[in-house]
Amino acid sequence: MAAKRVLLLCGDYMEDYEAMVPFQALQAYGVSVDAACPGKKAGDACRTAVHQPTGHQTYAESKGHNFALNASFDELDVAAYDGLVIPGGRAPEYLAMDEKVLDLVRKFSESKKPIASVCHGQLILAAAGVVRKRTCTAYPAVKPVLVAAGAKWEEADTMAKCVVDGNLVTAAAYDGHPEFISLFVKALGGTVSGSDKRILFLCGDYMEDYEVMVPFQSLQALGCHVDAVCPDKSVGDKCATAIHDFEGDQTYSEKPGHDFPLNASFDGMDFSRYDALVIPGGRAPEYLALDDRVLRLAKGFMDGGKPVASICHGQQILSAAGVLQGRKCTAYPAVKLNVVLAGATWLEPDPIHRCFTDGNLVTGAAWPAHPEFVSQLMALLGIKVSFA
């Protein structure tokens, strides 16, 4: 039984990260999360949008993943939830005109339950009339609406800005997810222990968008020090990501994702300082598995008995590094050949969100597995989230 239960308020073209990162991070921490959208039922999907700056006067938009809902809006009972999360993107523009949505938000506000809203999500708070005399921030373009609604505006000096006022947590953009999620967990009565860990992410161009950002920010939100490196790139450089989705074709589709900024340099890195290694999937592992530096890195963590968490196609790197002999693991089904030929015992990912731990190794098949993937890595690292 989950310690807490939270509602994620969804809509078409909500921002991709701003829906999935808190959704899966909270689940990894043991929180039950229901995702619902007005006019839709459990099993339906919402389209998401990728918003990011590209050097123009405002952010660019492209299509993101299709986000699967697991609850029906018309069946929601506010009393059953301990908190509310509102993603940004373009969805809040039309959700803010829906009286059912506004009534739901007012009920959460009146009951003093924690509300966490990011980016353009604050349009809904303004329309619901729950920000008067409350200090909050948002994506800068939302400032005029919040000021007109009587809020005390706090300027976002960076897009990682977060503000707390009573039961209300607001953030400027997905850059602030680590603090945003951490503050929300605290508002739910949560405490974190054992998070004094240093974790390394092995990145590459066209790694899967969710498979890098969800675990990256989930671990940061716990208080871990997390560095992301890529061979032949330095701190401040970016990796292009790929959105891999399941849309009815014989294999996954691919769309451009966010550009992921690296916060450390590969060359000269002292990898012995890290407690764990995370390997995202996507297309990056195909070429990273040809890099001897990468293979030595993976082998060093595995031979040293340090936790290694690899997902989807990431196991191509472990296979090439020769560290799967005698191991039990899973991967994206198309990578089964690599895993078996490397001498591992194949574990079928059925359903696709299954993850497995074998000694110091955590493996998952695809991004729907993130809650189990992050949770099992937390267990190896001795990180716990407890709720009062």
Dump the intermediate steps for side-chain contact (heavy atoms from CB on, under 4.5 Å) on Trp153 and Thr135, then the final yes or no.
CA-CA 6 Å; Trp153 173 256; Thr135 302; over 6 Å; no

Test ring pair (Phe, Tyr, Trp, His ring centres under 6.0 Å) on Phe271 and Phe301 and set out the steps.
CA-CA 9 Å; Phe271 299 117; Phe301 274 88; 7.2 Å; no

Verdict with reasoning, Met378 to Val385, per side-chain contact (heavy atoms from CB on, under 4.5 Å)
CA-CA 9 Å; Met378 288 169 58; Val385 181; 4.0 Å; yes

Go through Leu9 and Ile124 one step at a time and tell me if the side-chain contact (heavy atoms from CB on, under 4.5 Å) criterion holds.
CA-CA 10 Å; Leu9 180 58; Ile124 297 172; 4.2 Å; yes

Passes side-chain contact (heavy atoms from CB on, under 4.5 Å), Ser117 versus Val169? Steps please.
CA-CA 6 Å; Ser117 183; Val169 180; over 6 Å; no

Pair Gln122-Thr170, side chain to side chain donor-acceptor pair (under 3.5 Å): steps then yes or no:
CA-CA 8 Å; Gln122 286 82 300; Thr170 54; 4.7 Å; no

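Between the CE atom of Met20 and the CG atom of Asp209 there is a distance of 10.5 Å, given to the nearest 0.5 Å. For the atom pair Lys152 NZ and Arg132 CZ, the distance stands at 10.5 Å (nearest 0.5 Å). Here OG of Ser218 is found 10.5 Å from CZ of Phe373. Values are rounded to the nearest 0.5 Å. For the atom pair CG (Asp350) and CD (Glu348), the distance works out to 6.5 Å, reported to the nearest 0.5 Å. Distance check: Leu95 CG to Leu123 CG gives 10.0 Å after rounding to the nearest 0.5 Å. Taking OG1 from Thr48 and CG from Asp245, the interatomic distance works out to 8.0 Å, rounded to the nearest 0.5 Å.
Checked by atom type and distance alone, the side chain of Arg327 pairs as donor or acceptor with a backbone atom of Asp358 at under 3.5 Å. Checking side-chain atoms of Asn66 against main-chain N and O of Arg47 turns up no donor-acceptor pair under 3.5 Å. Proximity of a side-chain donor or acceptor of Thr158 to a complementary backbone N or O of Ala160 within less than 3.5 Å is detected. Side-chain N or O atoms of Asp275 include one that pairs as donor or acceptor with a backbone N or O of Arg198 at under 3.5 Å. Checking side-chain atoms of Asp44 against main-chain N and O of Lys41 turns up a donor-acceptor pair under 3.5 Å. In terms of modelled atom types and a separation under 3.5 Å, the side chain of Lys336 and the main chain of Leu347 share no donor-acceptor contact. Side-chain atoms of Glu372 come within 3.5 Å of backbone atoms of Cys355 as a donor-acceptor pair (strictly under, hydrogens ignored). At least one donor-acceptor pair closer than 3.5 Å links the side chain of Asp77 to the backbone N or O of Ala79. In this structure, Lys255 contributes its side chain and Gly64 its backbone to a donor-acceptor pair below 3.5 Å. When atom types are taken as modelled, the side chain of Ser319 and the backbone of Ala342 share no donor-acceptor pair closer than 3.5 angstrom.
A pairwise comparison of heavy atoms in His177 and Pro22 identifies NE2-CD, 4.0 Å as the closest pair. The two residues Gln220 and Pro178 have their closest heavy-atom pair at OE1-CG, 3.2 Å. Minimum interatomic distance between Met207 and Cys239 (heavy atoms only, all atoms of both residues): CE-CB, 3.8 Å. Of all the heavy atoms in Thr330 and Ala365, the pair that sits closest is CG2-N, 4.1 Å. Taking both residues in full, the closest heavy atoms of Ala228 and Asn263 are given as N-OD1, 2.6 Å, listed atom of the first, atom of the second, then distance. Cys119 and Ala138 get closest at one heavy-atom pair: O-CB, 3.4 Å.
Here the side chains of Phe266 and Pro231 are in contact, with some heavy-atom distance below 4.5 Å. When side chains are defined from C-beta on, Pro371 counts as touching Gln24, because their heavy atoms get closer than 4.5 Å. At a threshold of 4.5 Å between non-hydrogen side-chain atoms, the residues Arg5 and Asp34 count as touching.
Electrostatic pairing of Asp82 and Lys113 does not count as a salt bridge here, judged by no charged N lying under 4.0 Å from a carboxylate O. A salt bridge links Arg90 with Glu61; the closest basic N to acidic carboxylate O contact falls under 4.0 Å. In this structure, Lys107 pairs ionically with Asp103, as a charged nitrogen and a carboxylate oxygen lie closer than 4.0 Å. Ion pair Asp205/Lys233 flagged as a salt bridge, since at least one NZ, NE, NH1 or NH2 atom sits closer than 4.0 Å to an Asp/Glu carboxylate oxygen. For the pair Asp291 and Arg293, the salt-bridge criterion is met [side-chain N within less than 4.0 Å of a carboxylate O].
Atom NZ of Lys63 sits in a sparse spot, with 12 or fewer heavy atoms from other residues, nucleotides or ligands closer than 6.0 Å. Surrounding NZ of Lys328 are at most 12 heavy atoms belonging to other residues, nucleotides or ligands under 6.0 Å away. By the neighbour-count criterion of 12 heavy atoms within 6.0 Å, atom CD of Glu75 is sparsely surrounded, having that number or fewer from other residues, nucleotides or ligands. For Arg273, the CZ atom sits in a packed shell: over 12 heavy atoms of surrounding residues, nucleotides or ligands are nearer than 6.0 Å.
Side-chain contact, His258 with Gln52: no donor N or O sits under 3.5 Å from an acceptor N or O. A donor-acceptor contact under 3.5 angstrom links the side chains of Asp270 and Ser272, judged on distance only.
Residues Leu26 and Phe67 share a single hydrophobic cluster, defined by chaining ILVMFWY side chains whose heavy atoms lie under 4.5 Å apart. Taken together through direct or relayed side-chain contacts under 4.5 Å among Ile, Leu, Val, Met, Phe, Trp and Tyr, Leu297 and Tyr287 form part of one hydrophobic cluster. Hydrophobic clustering, with ILVMFWY side chains joined whenever heavy atoms are under 4.5 angstrom apart, keeps Val85 apart from Leu104. A continuous path of ILVMFWY side-chain contacts below 4.5 Å connects Met213 to Leu219, so both sit in one hydrophobic cluster. Hydrophobic clustering of Ile, Leu, Val, Met, Phe, Trp and Tyr side chains at less than 4.5 Å, counting indirect connections, keeps Ile352 apart from Trp346.
Each ring-ring contact (aromatic ring centres under 6.0 Å, His included) pair with one or both residues in residues 183-222, not counting sequence neighbours, appears once here: His65-Tyr210, Phe201-Phe216, Tyr210-Trp367, Phe216-Phe260.
Taking the six-membered ring for Trp and the full ring otherwise, the centers of Phe387 and Tyr29 sit at least 6.0 Å from each other. Ring centroid separation for the pair Phe180 and Tyr174 does not come in under the 6.0 Å cut-off. Here the two rings, on His51 and Tyr17, have centers that are 6.0 Å apart or farther.
Using bins of under 30°, 30° to 60° and over 60° for the plane-to-plane angle, the ring pair Tyr252/Tyr332 lands in the perpendicular bin.
Lys161 pairs in a side-chain hydrogen bond (donor to acceptor under 3.5 Å, both in side chains) with only one of the listed residues (Glu155, Glu154, Glu179), which is Glu154. If you run side-chain contact (heavy atoms from CB on, under 4.5 Å) between Val130 and each of Asn167, Leu168, Leu125, only Leu125 comes through.
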